[in-house]
Amino acid sequence: MLLSTPIENLPRVGPQYQKKLKKLGIKNVGDIIFHFPHRYEDFSHLISIAKAELGGPFCFQGEIVDIKNIRTFRRRLVLTQMTIDDKTGKLKVMWFNQPYLINTFKKGTFVCLAGKITGKGKSIYLSNPAYEKLLNYELGIKNDELTHTGRLIPVYPETEGLSSKWLRFIVKPLLAKLKNQIPDSLPEKISKKYDFLPLSKAIWQIHFPDSLKLAEEAKKRFAFEELFNLSLFVLRERMKLAKEKAVAIPLDLAAVQDFTKGLPFKLTDAQKKAAWQILKDLEKPRPMNRLLEGDVGSGKTVVAAMAALDVAKAGYQVAFMAPTEILAKQHYKTISDLLGEFNFNTSLQNPQGFCRIGLITGKENYVQNKKITRKELLEKLKDIDILLGTHALIQERVKFEKLALVVVDEQHRFGVKQRARLCGDRRGTGEGQSLIPHLLSMTATPIPRTLSLTLYGDLDLSVIDEMPKGRKKIITKIIQPKNKKATYEFIKEQIKEGRQAFAICPRIEPPKVSRENLLGGELSFQILSWLDVKAVKQEYKKLSEEIFPDLKIGMLHGKMKSQEKENIMTDFKDRKIDILVSTSVVEVGVDVPNASVMLIEGSEKFGLAQLHQFRGRVGRSDFQSYCFLFIDTPGIVYNRRLRALITCENGFELAEKDLAIRGPGNLIGQRQWGIPDLAMSSLADAILVSKARNEAKKILGEDPEFKNYPLLKKRLEAFREKIHLE
Ligand code: ADP
Ligand code: MG
C-alpha cells in the first residue's frame, strides 16, 4: 500500500464510489487520507442508560433487545423502533424513514449509538442516532475500536452519495495500514522550530482526534505546510521566470506624457504609481508577471492602455483578453478611443502611422473599426499592434509574430485550462529565440492581502487604492421587506428624472449540489446560469407586470445568445430600456454612466465582495447613485455583514471583512486557483501566512534545488499538477 496506489486497487471502493471520489479530485490513497474533515461531531460523551436525560449528544452502549418497523397512520413515515439494554436500564431508540435498518440490526447484537435524547416526561428516546455494531462492550468503558460513535467524529466535505460515514469507513483502515509510512516532506528543522506534531500523529489526529485541541494542532500543522508549499512553489516559479528572457521595452516617456496630457481627466496618484511600476517592469529583459488590483471603477483600463501604448510604440504586439464578448468589445472601444488616433512613426507596414487596433471574438472581428472576417483578421495579424478579444485570442491559429505583452482582465473569470493555454502561448514569440511576453493580470476581485502576497509577493503587485476624484459616494441602504414599496416608488422617480436602474435577481440555491462544489468551477457556472434563467424570468415578470408596468424593462441572462445579450446591452446603453433585470452570473461589467440605481434582491445570499462588485456598476457619473439591498428575511442576522457595505466603500477592506466574518469559503475563484482548502482557510491567520512565507524564502535561499530535501522536491512536483497559477 502506497500513497500513490490508485483507488481502483482498493477492495472497499467499487466503480460507483470511484466515480464519486474522482468528482472530489481523489484519485489515489494519498488523496483520500489528505482529504481532511472540515469539522467534528462530538460523540464522545458515553453515559449509562440510567443516566439518560434530554439533550446530548450522548453515547450509549448496549444490547439490542427489541427492534421493529412501524408505519405511521398516514402511511407516509416509517419509524424504526429499537430498544437497547445496558443492564442499568432500557432505552428507546427511533429512526425515521430508514426501514432498511431492520436488516442491519438483530436482537442480541451489541451496539454503540450516539445522538440526542428527545421526547417528553417518561417517554424519552434517542432520536436518529449514529450507530455501529460492537463485538463486545464493558459498561462505562469506551471501546477503542469505535469509528462512528463514542469519540470525536470527523465530518468531511461531502458530495452527493458520498457520506462522511463511508469516508470514515475507508479512511480508518488506510490510516492504520499506512501508519509511519507516509513520507514527511516538511523539513525537520521547521517542524522542530514550531513544535508541530509529527506527521504520523498529525494525520491520525486530524481524522480521528483524541481531543479538539489535538485536532486543532494537527490542522495548524497541515495549514502551515500547505501555505509553506504554496509559497515555495510560487517563489520558485518566480525564480525560474526571472531566468527567462523577454523583450525589454525601452520606456518612451515622451509618448506616455503625450498620452496622459490627452486624457479628459487627471490620473490619480495610485494610477500613476501603478503605471510607473508596470512601465519599469517592461524595461527589463525578464518577463513581467504583475497583478494589477483595483476596485471596480478605479481606472485600471487606462493604466493597461499606457502599457499597451509603450509596447506598441516600440514595435511589438499586445494581446488583451477579456472574459466576455461584451467586455472585450467595450475594451476594444475604449482602447480605440484612447489609442486609435495615436501617431507612431510611419513605416512601410504602417504608412499612416496610427496605432492599429483589432478585436477578435467568437462572433465578430474588427481591425481599425472595420468589420472583417476571421480569415482576414488572421492574415492581417502581423500588422495589428493591439489585439483585443475573448478566448478566441488563445486559439491555436492566432499566432503572433512579435507578442511582447499579454493583458488579462478579470483573470479569475478564466477557467483553468484557458489560463494554462495562454501561458503556454507565451513562448515562441519570434526573433529566433524563446522570448516570453510580459504578463499583466488585472482584477477587481478583492483578494485578501495575505493571499495576493502569497501568490505574487510585494514586488509583483500593483494596487490602485484610490478612486478618481469627484465621484459621489454611492448611497447604500438595506431595505426591509416592508419598505420595498417605497423604494420602488423612489426608483420610479429616478427614472422619471432620466436615470436608469439595474436589478439583480435573487440567487437560487441549486438543489442537491453542495455549496463547496459551487464555488467557482466551470460546472457550477453552468448550473447557476440555468437556475438563474428561472429567477430572472420571474423577476422580469414581477417588475414589468406588477411594479413598473409603465416602464421599459429588459432582461439579461447567461443562457441568451451573445448577439441577444449584445442587443440588450446596446439598448440599455441607448436608454431604450429603463430597468435592466439581470442574473448575478451574467457579466454586467459594462459602463452605463447614466444608470444610478442598483437594486439587489435577496442580497443576504451574496458575499460582500460580490455585492460590492454589483454596486460598482453605478456611481460612474456625476449623478447621485444608490444601491438598495433588498432582504427577504427580516431581522438582524444578515445585517452585520450588509452593514459593513454601508460604511465601507473599499472592496479590499470588504474582502478582509468577509474573510473575517464568513471565512474563506466565499472568496471568488478558489477553485480556479486550485489552492488547497486548508491553505485557503488559513489565510485569515496573517501570522501563520507570513511565517510560512519566510521559511519558504529561507529554504530557497540556502538550497534552491532542494538537494537536501528530496521529499519536498517531489511534493512540489505533485503540487504543480494541481495548482494553476501564472
Ligand atoms: P475598472 O478599474 O473597473 O476597469 P475603468 O478602467 O473601466 O475601471 O474606469 C472606469 C471609468 O473611470 C471609465 O469611464 C474611465 O474613463 C474613468 N476614469 C479612469 N481614470 C480616471 C481618472 N483618473 N479620473 C476620472 N475618471 C477616470
Ligand atoms: Mg475593468
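We count residues from 1, following the sequence as given. As the structure is a computational prediction, the values presented were derived from the model and not from experiment. One-based numbering, in listed order, for ligands and for the atoms of each.
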- Message: Taking the six-membered ring of F628 as reference, does the cationic atom of K477 (NZ for Lys, CZ for Arg) lie under 6.0 Å from its centre and within 45° of its axis?
- Response: no
- List for me each residue that meets side chain to side chain contact (heavy atoms under 4.5 Å, CB included) alongside K472, sequence neighbours excluded, and say none if there are none. Q624
- Query: Is any side-chain N of the basic residue among D269 and K273 closer than 4.0 Å to the acidic one's carboxylate O?
  - Reply: no
- Item | Nearest non-hydrogen protein atom, atom 5 (P) of ligand 1 | T301 OG1, 3.5 Å
- Message: Quick test of your reading of the structure: of M442, Q330, K300, whose heavy atom lies closest to atom 2 (O) of ligand 1?
- Response: K300
- Note on the structure: The closest protein heavy-atom partner of atom 14 (O) of ligand 1 is D591 OD2, 3.2 Å
- Report yes if V296 has an N/O atom closer than 3.5 Å to an N/O atom of ligand 1; otherwise report no. no
- Query: Which residue supplies the protein heavy atom nearest to atom 8 (O) of ligand 1, what is that atom called, and how far is it?
  - Reply: G299 N, 3.3 Å
- Message: Distance under 4.0 Å to a non-hydrogen atom of K266: what atoms of ligand 1 satisfy this?
- Response: 22 (C), 23 (N), 24 (N)
- In sequence, state the C-alpha distance, the side-chain angles, and the governing distance for Q271 and T268, and then conclude on side-chain hydrogen bond (donor to acceptor under 3.5 Å, both in side chains). CA-CA 5 Å; Q271 281 173 315; T268 61; 3.3 Å; yes
- Message: Can you list everything that forms a salt bridge (charged side-chain N to carboxylate O under 4.0 Å, His left out) with K280? Sequence neighbours excluded, please.
- Response: E283
- Item | Distance from atom 16 (O) of ligand 1 to nearest protein heavy atom, with residue and atom | F265 CE2, 3.5 Å
